[in-house]
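Structure, as structure tokens:
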Number of protein chains: 2
Amino acid sequence: MAALASGLLGSLDPTSDRAVFRQIADHLREAIDKGRFAEGAKLPSESELVEHFSVSRMTVRNALSILQSEGLVSSEHGKGVFVRPRPPVRRLASDRFARRHREQGKSAFIVEADAAGSRPEVDNLEVKEERPSTDVSARLGAPRRVLARRRRYLLDGRPVEFATSYLPLDIARDTPIAQPNPGPGGIYARLEELGHTLDHFEEEIRARMPSPLEIKTLQLATGVPVIHLIRTAFDTKGRAVEVCDTVMAADAYILNYHLPAK
Amino acid sequence: MAALASGLLGSLDPTSDRAVFRQIADHLREAIDKGRFAEGAKLPSESELVEHFSVSRMTVRNALSILQSEGLVSSEHGKGVFVRPRPPVRRLASDRFARRHREQGKSAFIVEADAAGSRPEVDNLEVKEERPSTDVSARLGAPRRVLARRRRYLLDGRPVEFATSYLPLDIARDTPIAQPNPGPGGIYARLEELGHTLDHFEEEIRARMPSPLEIKTLQLATGVPVIHLIRTAFDTKGRAVEVCDTVMAADAYILNYHLPAK
DNA sequence: GAGTGGTCTAGACCACAAC
DNA sequence: TTGTGGTCTAGACCACTCG
């Protein structure tokens, strides 16, 4: 309907080998990168792009789907296609499980969110005994059953992280760890009270595209990967006392690590 | 042509609200997850799927594009659509820059690849002086110009990582660090010889979808995110002496970190 | 040459959002 | 009611791979 401000977008190169829908994607991407469409701004509608480039609607949709898969734009049914705003990221410090933080009685998530001025929430709480996966079992020294604690974290109403902690039953059964709310300082504080003084953690980090379930749970936009972090906690006797499997929306996090040069 | 073994794929649910192309994607995903199509196996051709599900070709292609964006399959022009084999992953230990490794004279990449039985290569070498980006500049204490060392790493012929090191010119100019081959132990060994004894590193990790240039440089399949790692090296005087900006194919790496509980 | 995926057209009908 | 994106059809021609 509205005339497209042609100045914002170039025109196609008919001599180019590059497919038309890729050229259109390139033009849009460049316009976004150069700030000609700001964060949150609406792109020209599909029908405007059809007219501007003189192509069929499928070609335009193909171009837009590229930008979606790159995480640059997201579409809203009945409204339009918008430049994805970059959500604020949460930095995870490598000392986030240091004892001095735990002793303050709040969980790391709550403390950091408060400090950043965000509203933290935890939901989807589930605590149950179950048979461990082979991977979790191997990490924990092959217990037959484990206590699983699942929860989802949200910031200002947006889900950012989904985590499950697994603990051997001989450690966790009939302790505050098996309660929905384990008390101040979280399960690490309880583990230390139970005599499992923590010695160190091992973290394992992957990045990949989310499964359909993860997309749903974290309400992920198209083109947003997840960071998959598996942390194992060891006590001073060298025993693995907890495995925490965490899936994070990658656009919500920066992970920080401190490495001594030794 | 060949009859499709219908047993491998269910049929559509006409009463479902779920879009047809999503249902087809679900069926294929389930078949892959359950191993009915092994890694590297060829999926039924588009025309076979068209016939099996009695839909148009665009609908089938829409379904396949979902699986591609999830990184589950990749298409090969003229051959077919194949289940993506999981490439072997390289684990990066958090002590990979420990001095004891450096003193053995080989770079971390070469040592690890040899140990894993892979054939390592380094190409795209470029060493030049340039003006730093604002981000790099801020990390290095605002030098006017820096030495940039760019290189790409390959394993068994496959590009897996693209890295740029930035060093302040007052440290690196007219030293072996400015040479294409800085010598045994790499630039960290040279830095220490120049009096910049390394104290610690800070690493910053993000995950995101790759830019078109990154897709090209790392020859990334559709649906493979990248891990973006920025490491800053500090000497014992507390000065930032190097920033290394690394982009890794996420399906080729697992990052390991060791965290003391303190 | 036969089969495959890659690109593109020109329509159609639907569901959702905003006025 | 109008405009938006979401889904789907039924074709077409092309480029690539393999025998």
Sorted by position of nearest nucleotide on DNA chain D, 5' first, the leading residue of R57(B) and G78(A) is G78(A)

Distance check, rounded to the nearest 0.5 Å: R208(A) atom CZ versus E214(A) atom CD? 4.0 Å

How long is the line joining CD of Q68(A) and C1' of dG5(D), in whole Å? 10 Å

Could you state the atom-to-atom distance from CG of L67(B) to P of dG5(C) in whole Å? 13 Å

Closer than 4.0 Å, any side-chain N/O of S56(B) to the OP1 or OP2 of dG11(D)? no

For E48(B) and dT4(C), what is the distance between atoms CD and P respectively, to the nearest whole Å? 6 Å

Using the side-chain heavy atoms of H77(B), tell me which of these nucleotides is nearest: dG5(C), dC16(C), dA10(C). dG5(C)

Nearest whole Å is fine: how far is dG6(D) C1' from N62(B) CG? 10 Å

For the side chain of S47(B), counting heavy atoms from C-beta on, which of dT7(D), dG6(C), dT4(C) is nearest? dT4(C)

Separation of atom CD1 in I66(B) from atom P in dG6(D), rounded to whole Å: 12 Å

Between E46(A) (side chain only) and R57(A) (backbone N and O only), is there a donor and an acceptor less than 3.5 Å apart? no

So, R131(B) versus S137(B): side-chain donor-acceptor pair below 3.5 Å or not? no

Closest nucleotide among dT7(D), dC8(C), dT9(D) to the V20(A) side chain: dC8(C)

Measuring to OP1 and OP2 of dG6(D), would you say a side-chain N or O of S75(A) lies under 4.0 angstrom away? yes

Students often get this wrong, so: under 4.0 angstrom with heavy atoms, is R22(B) touching a base, only sugar-phosphate, or nothing? sugar-phosphate

To the nearest angstrom, how far is E76(B) atom CD from dC18(D) atom C1'? 13 Å

Test item: R149(B) side-chain N/O and Q179(B) main-chain N/O as donor-acceptor pair under 3.5 Å: yes

Could you tell me how far apart M58(A) (CE) and dG6(C) (C1') are, to the nearest whole angstrom? 12 Å

Nearest-Å distance for atom pair CG/C1', residues L12(B) and dC8(D): 13 Å

OP1 or OP2 of dG5(D) under 4.0 Å from side-chain N/O of K79(A): no

The answer to which of T59(A) and E46(B) contacts DNA chain C further toward the 5' end, by nearest nucleotide, is E46(B)

Counting only side-chain N and O atoms of R61(B), is one of them less than 4.0 Å from OP1 or OP2 of dG5(C)? no

Tell me the closest heavy-atom pair linking H27(A) and F53(A), and the distance in Å. ND1-CE2, 4.2 Å

